[in-house]
Number of protein chains: 2
Amino acid sequence: MPNRIDADQPEKVREALRAAHLYYLQDLTMDAIAREMHTSRSSISRLLGFARSTGLVDIQIRSPYRGSSSLEDAIQKRFQIATHIVPVPDHASNVDRLERVCMSAARMLDRYLDSNMVVGLAWGSTLTAISRHLVPKELHNVQFVQLNGAGNNQTTGIVYASEMLRRFGDAYSGTSQQFPVPAFFDDPRTKEALWRERSTRRVLDMQARMDVALFGLGSPFADVPSHVYIGGYLEPRDFEMLDEAQVVGDCATVFYRADGSYRDIHLNDRASGPDLDQLRRTPRRICVVSGASKVASLRGALAAKLVTDLVIDEGSARALLESAMSDIEHASAHMVKP
Amino acid sequence: MPNRIDADQPEKVREALRAAHLYYLQDLTMDAIAREMHTSRSSISRLLGFARSTGLVDIQIRSPYRGSSSLEDAIQKRFQIATHIVPVPDHASNVDRLERVCMSAARMLDRYLDSNMVVGLAWGSTLTAISRHLVPKELHNVQFVQLNGAGNNQTTGIVYASEMLRRFGDAYSGTSQQFPVPAFFDDPRTKEALWRERSTRRVLDMQARMDVALFGLGSPFADVPSHVYIGGYLEPRDFEMLDEAQVVGDCATVFYRADGSYRDIHLNDRASGPDLDQLRRTPRRICVVSGASKVASLRGALAAKLVTDLVIDEGSARALLESAMSDIEHASAHMVKP
DNA sequence: AGCGATCGCGCACATACGTGCAAGGGAGAA
DNA sequence: TTCTCCCTTGCACGTATGTGCGCGATCGCT
């Protein structure tokens, strides 16, 4: 868990900066720094840990302009989106994989955020995992807004959602706006009514003004199906409808098909997530995907043009490309013998 | 010494990026990375060293908006320049101090540089030291140009100057333009004549188009007097002239007084360095100073408005402020009893 | 093909680093 | 004032990391 935000202990921050400067810019050993700063080596070790975890020290990996991974390049070319591949061994468990992708995503996130931005956050296991690994950055007037409700008929889920929002707010000194509605309504008319309420409108307006949206994807076929599918949010007959409608996944509770279509999926009328047409007006839409079982869902999201920036584990990236390749083969096979 | 530039071994770079990602973004131990990458732990250690030294991993210290060091703030306010204080213990030797300031400066430098820039480099012990600690960064079409000649009546100094330029060029994939003239001419007319030559004009034109200038300062009073004063560049009667003219220091062989004046110092007619009026048209002028014995020189340079960004060791920064404070006291003492 | 030079790799050792634990010290409450 | 609680510090230990050295592979030259 990251240390408390730094604004309150100016003395400690100064010492941490000095130690960090000596360690990272002058290559001194902690021992030498301890002598210079008249304290023990272990205190310096802790001080440096503090400096890292509070973002005073910022460690970035920069791929020398796109020559880094041919996988990244290939996806970039094929789908026209910026991609970050997260190296994860193929034999890693799904939990491990998610954790590692989200840790990497969290640490790359500050490249995308800046002061005065409105940032939309989906609610789900991906976002929760990311929120645990954020590295603070000093920003002003950042607003985080929840994209989809978290409640179901058993729990409001609000504690988890608000915990996640709080962590984002803490890390970037921003404010956060909860969206205290159920993930899915039983009756679309309730949603319509609530959507006209001014308190709801405030959230929706904020969503409409987003500069960045951050989300994972759901997949009904995933080895670890997303919250949405197992949390008691949907009834058996809802699942049947999903099946009939050939849904391959969802983004913040809004469902889509393999070809990216979604407008005529009735379940979406009851979903709390943002209208995807509107989501697409957000300039940057960062999608974090972990696990090859989500590739079908991802392809749907890509077809729907929901994603501008993708963070994905290596194995899934490979699977994504392969599935795209085999499409082409099928297509051309289809063409040569009509 | 930094590793060779990375463009030539794409495989090694890819591995280094992967290792760096796993180490810095996912917090794995080198041991774990070695297992994932099927190699030995020591190879990973070396690979990470490579990644750091080639700038694939970029470690920055960010002061949370100006709350960092009150010294930095104070100098900022008093002299209207951006300042970076380098922490160095007071008892450090002059060589140590220079080395550490220059290492820090080198590692901060990439903040200032970008593609397509023209960068002027003075020639002296400060710049040579900086050049030894540069961290590479992938840029395009950067041009480095030498600001002052290096030759004297005993040696051309060209090998050292070109070595320094080469290191800059290597680190930022730029080209470099030497300035193969003596530091000081014996006869100002020779300089005038040479300055009309087209080959010289090319260099001077480039200097006129600089986006960034990087230089140390000379001081005739410094504990370790700068190259200029001990390298056999000046005759005994030149020193007398400096004394008479009340010179306190030089920037790239061009001398100035405590009040910042320099136009009427005749020695400057024979100097190879840039006209200071012209230097001041360069948008960013970064000055690196190490050692309190250069404070008088620095004050002259500040009075002449030669500096927009200052990198200085802590002790000297303190000395600079104190000297400025005592001026004010004297001034006000003068005012209360006229 | 044979030979030497050169490079990269892993081993093993020395050093540097992170962290549980107990003691010290300061702030707040009684 | 005194007691208590909590936070911070340094110690000691185990782990993680850096590096000199020797071996084997590779490349180029004759």
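In what follows, every heavy atom counts, from backbone to side chain, and hydrogens, waters and symmetry copies are set aside. Only a predicted model underlies this, so the values are computations on that prediction, with no experimental measurement involved. In what follows, chains carry the letters A, B, and so on, assigned in the order in which the sequence lines appear, proteins first and then strands, with residues in each chain numbered from 1.
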request  = Assign the ring pair A/His84 / A/Tyr112 to parallel, tilted or perpendicular, where the plane angle (0 to 90°) is split at 30° and 60°.
outcome  = perpendicular

query = Once you round it to whole Å, what is the distance between P of D/dT17 and CD1 of B/Ile44?
reply = 11 Å

Distance, nearest 0.5 Å, that separates CD of B/Glu322 from OG of B/Ser316 = 11.0 Å

key: Where at least one partner belongs to residues 31-48 of chain B, residue pairs that pass salt bridge (charged side-chain N to carboxylate O under 4.0 Å, His left out), sequence neighbours excluded   = A/Arg100-B/Glu36, B/Asp31-B/Arg35

ask   = Is the backbone of B/Gly169 close enough, under 3.5 Å, to the side chain of B/Ser176 for a donor and an acceptor to pair up by distance?
value = no

query = Would one find a side-chain N or O of A/Tyr23 under 4.0 angstrom from OP1 or OP2 of C/dC17?
reply = yes

inquiry  = Output the rounded distance in Å from CE (A/Met30) to P (C/dT19).
reply    = 10 Å

ask   = Yes or no on salt bridge (Lys or Arg N to Asp or Glu O under 4.0 Å) for A/Arg62 and B/Glu138, after CA distance, side-chain angles and deciding distance?
value = CA-CA 9 Å; A/Arg62 37 170 121 163; B/Glu138 280 290 338; over 6 Å; no

Output one line per pair: protein atom, nucleotide atom from nucleotides 10-12 of chain D, and distance, for all N/O pairs under 3.5 Å.
| unit_1 | atom_1 | unit_2 | atom_2 | d |
| --- | --- | --- | --- | --- |
| D/dG10 | OP2 | A/Thr39 | OG1 | 2.8 |
| D/dG10 | OP2 | A/Ser40 | N | 3.1 |
| D/dG10 | OP2 | A/Ser40 | OG | 3.0 |
| D/dG10 | OP2 | A/Ser43 | OG | 3.0 |
| D/dG10 | N7 | A/Arg46 | NH2 | 2.9 |
| D/dG10 | O6 | A/Arg46 | NH2 | 2.8 |
| D/dC11 | N4 | A/Ser42 | OG | 3.4 |

message = Does C/dC17 have its OP1 or OP2 closer than 4.0 Å to a side-chain nitrogen or oxygen of A/Arg52?
response = no

task = Answer with base, sugar-phosphate or nothing: what part of the nucleic acid does B/Thr29 contact at a heavy-atom distance below 4.0 Å?
result = sugar-phosphate

inquiry  = Measure CG/B/Asp27 against P/C/dT19 and give the value in whole Å, please.
reply    = 10 Å

